[in-house]
Amino acid sequence: MRKRSPACAGPAGAVLDHGYYETTANHGNRLLIFNYTAWGWIWVVVGIAQILASLGVFLGVRAARITGIVLTSMCPVGQLMFLSTFPFWSLFIMTMSLLVIYGLVSEPRHVVGMRV
């Protein structure tokens with residue numbers, strides 16, 4: 001098995017290096033419906049949608065908060081596929097996703113009288 005660069009982890013690794021997740025593929029991961037290249041592109045599109053939703057959150061749009069919650073809740077489920085290949089990275093991303101969801105669900109305290 002060849003060495004991997006940590007800078008190429010996540011969607012970029014799946015898109016740019018077709019053998020990047022060969023460890024999981026050798027163990028017969030049954031959670032995968034598509035190949036890793038397709039999953040890489042799916043996560044790139046989800047990431048772009050999350051960036052657009054974050055711009056809406058900064059502007060105070062309620063629909064952007066709900067969109068952010070939905071998109072971020074997909075991430076821990078998706079990271080379960082990569083748990084056998086990158087256990088610590090997957091757990092870290094799952095934890096960060098839960099913190100983002102908490103931040104989007106909690107009441108904004110910087111705006112007086114606003115409940116989102």
Side-chain angles (χ1 to χ4, degrees):
M1 188 162 107
R2 58 185 199 213
K3 290 186 108 177
R4 307 278 187 246
S5 169
C8 194
V15 171
L16 301 175
D17 186 3
H18 296 289
Y20 191 75
Y21 294 110
E22 65 189 12
T23 304
T24 301
N26 290 339
H27 287 116
N29 192 347
R30 301 287 182 223
L31 290 175
L32 293 175
I33 298 170
F34 308 112
N35 60 9
Y36 284 113
T37 303
W39 277 112
W41 284 110
I42 289 169
W43 286 119
V44 167
V45 170
V46 168
I48 291 170
Q50 287 177 339
I51 290 170
L52 293 174
S54 71
L55 295 175
V57 169
F58 286 130
L59 294 174
V61 179
R62 181 181 178 145
R65 291 172 67 101
I66 295 169
T67 303
I69 292 167
V70 170
L71 290 173
T72 307
S73 64
M74 291 172 28
C75 189
V77 175
Q79 286 297 321
L80 289 174
M81 288 181 275
F82 303 106
L83 197 58
S84 64
T85 305
F86 294 111
F88 296 116
W89 178 255
S90 294
L91 291 175
F92 175 74
I93 294 299
M94 287 182 206
T95 304
M96 290 292 112
S97 297
L98 293 175
L99 290 174
V100 167
I101 291 170
Y102 173 74
L104 289 172
V105 170
S106 64
E107 180 180 341
R109 296 171 193 218
H110 64 281
V111 181
V112 179
M114 181 176 180
R115 296 191 75 119
V116 179

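As a basis for the values below, the full set of heavy atoms in this structure was taken, side chains included, without hydrogen atoms, waters or symmetry mates.
- Partners of L83 under the side-chain contact (heavy atoms from CB on, under 4.5 Å) rule, at least two apart in sequence or in another chain, are L80, S90, L91, M94.
- When the side-chain hydrogen bond (donor to acceptor under 3.5 Å, both in side chains) test is applied to S97, no partner is found at least two apart in sequence or on another chain.
- Neither V45 nor L71 shares a network with the other; the hydrophobic side chains, linked directly or stepwise wherever heavy atoms of I, L, V, M, F, W or Y lie under 4.5 Å apart, form separate groups for each.
- Put simply, I66 and I101 are part of two different groups of oily side chains (I, L, V, M, F, W, Y) that touch within less than 4.5 Å, one to the next.
- Residues Q79 and W89 approach most closely at OE1-CD1, 4.5 Å, considering heavy atoms.
- A distance of 11.0 Å separates CG of L99 from CG of L104, quoted to the nearest 0.5 Å.
- Evaluation of the side-chain hydrogen bond (donor to acceptor under 3.5 Å, both in side chains) rule for Q50 yields no partner, not counting sequence neighbours.
- Both W41 and I48 belong to a common hydrophobic cluster when Ile, Leu, Val, Met, Phe, Trp and Tyr are linked at side-chain heavy-atom distances under 4.5 angstrom.
- Checked against side-chain contact (heavy atoms from CB on, under 4.5 Å), A53 has the following partners two or more places apart in sequence or in another chain: T67.
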